[in-house]
Number of protein chains: 2
Amino acid sequence: MAPVRTDPARTDPARADLVAPRRGYAKGRARREEILDAATTLFGEVGYRSASLREIAQRVGISHPGLLHHFGGKEQLLAAVLAHRDERDDHRFGLSGARGRGALRALVELVADNARHPGIVELYCVLSAEATSPEHPAHRYFRDRYARTVAAVARHFAEIAAEGGLRPGVDPRAAAVRVVALMDGLQVQWLLDRTCVDMAAEVRAHLDGLLVEPLG
Amino acid sequence: MAPVRTDPARTDPARADLVAPRRGYAKGRARREEILDAATTLFGEVGYRSASLREIAQRVGISHPGLLHHFGGKEQLLAAVLAHRDERDDHRFGLSGARGRGALRALVELVADNARHPGIVELYCVLSAEATSPEHPAHRYFRDRYARTVAAVARHFAEIAAEGGLRPGVDPRAAAVRVVALMDGLQVQWLLDRTCVDMAAEVRAHLDGLLVEPLG
DNA sequence: CCTACCGATCGGTAGG
DNA sequence: CCTACCGATCGGTAGG
């Protein structure tokens, strides 16, 4: 595919200061971003299966064949949405490099950050439940994602255990399964009634119950 | 509505011993039950929104207008499915009369029983996430259901606390929120990979971590 | 990026 | 309980 040719409006210096895209592809990339955001929202609202390309396209002000020009099909749009969210998460937490107790603190921070972005919470909550079905296009994605997440948290618990920081009888891997489950379950209650639950506080309190010394 | 008139086949004594329905309404009630079971399964597989009345009807071997003869519309079918499951649950656990530690043991039993009925687990897991959307027809149902469940579990924790059976620093209500969240989150991981998680064992271990003495 | 269209499928109703 | 149908909506494609 050839780069988009510059048109008069986009090279007009008076407009160039007001509108972001100055060279080829930039406009297309911005449009892609708009579509991904709208898709994230709608997938979170009604799930993947019930979301329509027409509704997403309408929210960004284009036709649905226009949307399909940017993403080959509905499944590819879903894959792009998930990849887009992973990029963001990796950039913020995955590469934080924290280990042991520091990693648990980062986990609590992640939960607190999620509470400030309900759209993301909805996306994962609704899609993970929907993807429970083996035929769902994101089934493998979530299966692998949980395996990786649980393994990572288990490693942090094991590290804390090695330093004697874990209460007696706490198994690192089982504790990891439970922490991840707790985070997911809290999201359901929180989305149903946000005044009822403080997700980050609950996760922190749960973790403190597993540690010899509270996270602080 | 008038009761169904008995027809020759149903009053034939030779058949009456083989086929269940002997008097009016019985056949209709059996059909309703069939429909509710098929709807439970499909709602669990793809959620309420993506489930079609035609698919449910086909699984029972009738037409979809035939299904609508038993249930006025799709929303009423959903309400009937939820009420049907509540009846079952109340009959088995709600009225068990257990309190305090006994109630927690009954909770672990409930989780173990759920692991033997994946269809029910799927139903609640998928529908509760879907019903997170305020416009969902089951939104209020799940909102109220969680409020009731959390309150009931909190009461049991409070009772245990009054007898000094709760570890120091454990708040009955917060502990209840977390136990319910844990159960929900475990279901997602279990449905994604049933070999990875023992739901009942995890709930029991979690509870033991809150109690002065293990449930035993 | 658009309009126009494809075949398939949806919940619900008419009428028996 | 059925067939036949309604208007609406779906993902995707043709062709520009």
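Keep in mind that what you see is a predicted model, and the values were worked out from it rather than measured. In what follows, chains are A, B, ... by sequence order, proteins preceding strands, each numbered from 1.
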(message) Before you tell me yes or no, could you show the steps for A/Glu159 and A/Arg155 under salt bridge (charged side-chain N to carboxylate O under 4.0 Å, His left out), namely the whole-Å CA-CA distance, both residues' side-chain angles and the distance that decides it to 0.1 Å?
(response) CA-CA 6 Å; A/Glu159 215 163 312; A/Arg155 240 177 311 151; over 6 Å; no

(request) Would you mind reporting whether A/Glu122 and A/Gln187 have side-chain heavy atoms less than 4.5 Å apart? (result)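 A/Gln187 does not reach A/Glu122 side chain to side chain.
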
(request) Quick one: list whatever passes side-chain hydrogen bond (donor to acceptor under 3.5 Å, both in side chains) with B/Ser50, sequence neighbours left out. (result)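 In terms of side-chain hydrogen bond (donor to acceptor under 3.5 Å, both in side chains), with neighbours along the sequence ignored, B/Ser50 is linked to A/Ser50.
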
(request) Please check if the side chain of B/Arg204 supplies one atom and the backbone of B/Val108 the other of a donor-acceptor pair under 3.5 Å. (result)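 No, the answer is negative, given that no donor and acceptor are paired below the 3.5 Å cut-off.
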
(request) May I ask you to decide if A/Arg32's main-chain N or O and A/His70's side chain share a donor-acceptor pair within less than 3.5 Å? (result)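 Flag not set: sc A/His70 to bb A/Arg32 has no pair under 3.5 Å.
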
(request) Find out whether the Lys NZ or Arg CZ of B/Arg145 is both under 6.0 angstrom from the six-membered ring centre of B/Tyr124 and within 45° of the ring's axis. (result)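 Yes, cation above the ring, under 6.0 Å and within 45°.
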
(request) Mind checking which stems touch DNA chain C? I mean at least 3 consecutive Watson-Crick or G-U pairs, both distances under 3.5 Å. (result)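 C:1-16 with D:1-16 - these are the stems of 3 or more pairs that involve DNA chain C.
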
(request) Go through A/Arg173 and B/Asp198 one step at a time and tell me if the salt bridge (charged side-chain N to carboxylate O under 4.0 Å, His left out) criterion holds. (result) CA-CA 12 Å; A/Arg173 161 142 188 117; B/Asp198 181 337; over 6 Å; no

(message) Across nucleotides 3-16 of chain C, 5' to 3', mark each nucleotide with B, S or - according to how protein heavy atoms within less than 4.0 Å reach it.
(response) BBB----BBBB---

